[in-house]
*Asks:* 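Sharing a structure, written as structure tokens. Questions coming.
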Amino acid sequence: MTHLTETTILTKPKGPRMIDFSAPRHRKKFGYLLLAPAVILMALIIVYPILLSVDISFQDVRIARVGASDKPWTLDNYRWLFASHEFWRACWVTAKMVVFVGGTALVIGLATALLVNQKFKGRALARLFVALPWAVPEVVATVIWAWMLDSSFGVVNWALLRLGIISEAIQFSQNSTAAFFAVCVVMIWKGYPLMTIMLLAGLQSIPEEQYQAAKVDGASVWQRFWYVTVPNLAPVMGVTLIMTTLWVFRDFAIIHVLTGGGPLGATTTLSIMTFEQSFSYFRMGQGAAVGVVTMLICAFISRALVSRFASKSH
Amino acid sequence: MTHLSKITVMGAFAISTALTALPAVSETLVFVSWMKDEPGYGDWWNEIIAEYEATHDGVDIEMTRVARDDYANAMFTMFAGGSPPDIVHLAAFEYQPFADEGWLEPLDAWIENSELDLTGWAGQGTCEWDGSTYCIMLLYTGYIMSFNEQMLADAGIDAAPATWDEFLTAARAITKDTDGDGLIDQYGIGLPTKGAGSVMHSMLNFVLDAGGAWTVDGEPTFNSPETIEGISRFKTIFVEKLSPPELGSGDVRQLFIEGRVGMTVDGPWVYNIVKGASDDIRPDLKLAKTPFSPPVGGTSNVLGMPSDLSDDKKQLVWEFIELATSEQFQQRFATLGSSPAPRPGLDYSEEIAKDPYFALFDAANTDAAAAGIDRLPKGLEIEFAEVSKIVLEETQRMLIEDLEPAEAGQRMQDRVLALK
């Protein structure tokens, strides 16, 4: 009798079953449990709005109302989008802007990072000045640029006329090319400091021994740059380029304040088009469709760039 | 029952009775406006609120300010989120989508029951949407011309222009490069052209004067000969560089009081801006009747109520609207806002005695209202943002590619028709 009782107690413990998270087969579950609050929070604040946008983009709705009964799904907004000349023009403008702003900001960012990585008097001050545009609020900076670029009373036209570079004031609101480059210049001015800061951090992490070894092997300055600096910086460049690309894609304030997307759509990017459709024309279904397509393009570009630079870094 | 038990039961009964009665004696009406704390109009709202609260025991009005630039988006968010303000204050050009969505209460029955006579109420026609009245017009303004008398005199012109031809001649005479640096720094005219809406409003001065209109009986008429003549006049001003390009309304007013622009056409509010000019320029700045006939007139802002309020709250909101539209407060509107009120038959002799320009404002209002002018084209209210963008783009195309105004007008007409 005594023997039977002892066996029962040992093999079948009574009460609620407790999971032993220290056991190897439960260790992963503990990880998921710890991640759960963050995942649920992200789902609420990131995934829900995205799902809502996708839902609205499939509805023929001018003004979406939260909690209102959904209209039936339709592809009308996407049909309109892909048949719209405005959409393809906005894609082209966005692509041009991404390439020009991203490329120029990379070159300027790399040059300034290399510069402030050198040892010289006043380096701390130089680093501060390089990063300054990044610290200025975007709208404030853009309003100041708008004053500077004003065709009648702006300092830029005055200086160009005085220097004899132009014979007549440039009217940024009446010249598609000038308006496009004006927006790009402000974006580059605002965006290159991030590039500099990131690349400077990357430069400081390159082991000095690699340069010394290259020098011993007789590598010139250019060779050391191409074969030591650039490969080591590639992952940082990749991440920063992705960030800059996404920033240009989604940036709204600079274009809205400077040109409003004009003249004749020369600076209307996908983000400006999303805003116009949703909040100027109150065609939220169409605006959501532009937003969803923009999101997919961004996701595709990010994935492609991440893969490319990740493979380079290995 | 013990003494203690009796006291407990009576206490509970008293508390429950008080709690039941509480909502009836304490009601708050939410009122959102961009005019809160504005000198003039803000003071007028404060007086109405004070009077309303004094005559409605237990009802408070909670007025909150939202900046004008963010206003439409904020209101859409509030309505779309299901929590609209109880008293709806909107710009006259933006209420239509709210009415179209069924978010606003039709006011016809309320107007009829309270016997509010809106005959001759300036700009009230704009409040009619789809056969019903959704709001009460609070401000309608006729445009006037402000000019720099000294600049005109220096250019050999001794009287304010009274026609388009005189206006153009004066503008040509004033425009010049005063310091010889190759840049024009004194302009004859200041026309706001920054933003789609302002291009359309500025152009409307010339379109109306030429006998045209954006729409007739709700149908677009951008390609009518008269409208094309108006577009042509607008083009002349910019081709001849008689007005600085890329200016917002605020920029134009600033340049005017700085003495860099000779003439502007604006609402009566420009008078307050003129008063802020420096001592050496202010005596030269004068106001006169606009040289364009009929003058541009504009509905400004409206008052309404949401459709999904309880009947009790609707009654309270309507009483607030009644107070704002009463003769007493319309008269106060003119006094505090320094601008004629939309209610007809008010006596402005006191205001005119205080400031002779008030008669000019009243005449401009009367002329524009009598001609049924509104900046918002009838029949294109819902599509106004898209229409004004079309007008902006085709105007830019006309100026950039030097197109004939007739071609620009035809392109506008085709694109607007495609929208409808």
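Order of the sequence lines fixes the chain letters, A, B, ..., with proteins taken first and strands second; residue numbering starts at 1 for each chain. All values below come from the heavy atoms of this structure, side chains included, with hydrogens, waters and symmetry mates left out.
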*Asks:* Hey, is CD on A:Glu168 packed in by over 12 heavy atoms from elsewhere, all under 6.0 Å?
*Replies:*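 Open: at most 12 neighbouring heavy atoms sit under 6.0 Å from CD of A:Glu168.
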*Asks:* When rounded to the nearest 0.5 angstrom, what distance separates OG1 in A:Thr268 from NZ in B:Lys389?
*Replies:* 5.0 Å
*Asks:* Donor-acceptor pair, B:Glu386 side chain versus A:Tyr281 backbone, under 3.5 Å?
*Replies:*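 No; zero donor-acceptor contacts below 3.5 Å.
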*Asks:* Would one find more than 12 heavy atoms of other residues, nucleotides or ligands at under 6.0 Å from atom NZ of B:Lys378?
*Replies:* yes
*Asks:* Do other residues, nucleotides or ligands put more than 12 heavy atoms under 6.0 Å from the CH2 atom of A:Trp134?
*Replies:* no
*Asks:* Using 0.5 Å steps for rounding, measure from the CD atom of B:Gln96 to the CZ atom of A:Phe282.
*Replies:*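 With rounding to 0.5 Å, CD (B:Gln96) is 11.5 Å from CZ (A:Phe282).
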*Asks:* Counting only heavy atoms closer than 4.5 Å, note whether A:Phe279 contacts chain B via side chain, backbone, both or neither.
*Replies:*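 Both backbone and side chain.
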*Asks:* Which region of B:Phe384, side chain (C-beta onward) or backbone (N, CA, C, O), has a non-hydrogen atom less than 4.5 Å from a non-hydrogen atom of chain A, or is it both or neither?
*Replies:* neither
*Asks:* Between A:Leu264 and chain B, with a heavy-atom cut-off of 4.5 Å, which part of the residue counts as in contact: side chain, backbone, both or neither?
*Replies:*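 For A:Leu264, the contact with chain B is made by backbone and side chain together.
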*Asks:* Within this structure, what is the CG-CZ distance for the pair B:Asn73 and A:Phe275, rounded to the nearest 0.5 Å?
*Replies:*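 It comes to 5.5 Å.
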*Asks:* Looking only at heavy atoms, what is the nearest atom pair of A:Ser280 and B:Ala385, with distance?
*Replies:*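 Here A:Ser280 and B:Ala385 meet closest at O-CB, 3.1 Å.
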*Asks:* Pick one of side chain, backbone, both or neither for B:Ile382, based on which atoms fall under 4.5 Å of a heavy atom in chain A.
*Replies:* both
*Asks:* Against chain A, label B:Phe238 side chain, backbone, both or neither, depending on which of its atoms sit under 4.5 Å from a heavy atom there.
*Replies:* neither
*Asks:* Below 4.5 Å from any heavy atom of chain A, which atoms of B:Glu101 appear? Answer side chain, backbone, both or neither.
*Replies:* side chain
*Asks:* A quick test of your reading: do over 12 heavy atoms of other residues, nucleotides or ligands sit less than 6.0 Å from CZ of A:Phe129?
*Replies:*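 Check fails, neighbour count at 12 or below.
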*Asks:* Starting at NZ of B:Lys241, measure out to CD of A:Gln171 and round the result to the nearest 0.5 Å.
*Replies:*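 Going from the NZ atom of B:Lys241 to the CD atom of A:Gln171 covers 6.0 Å.
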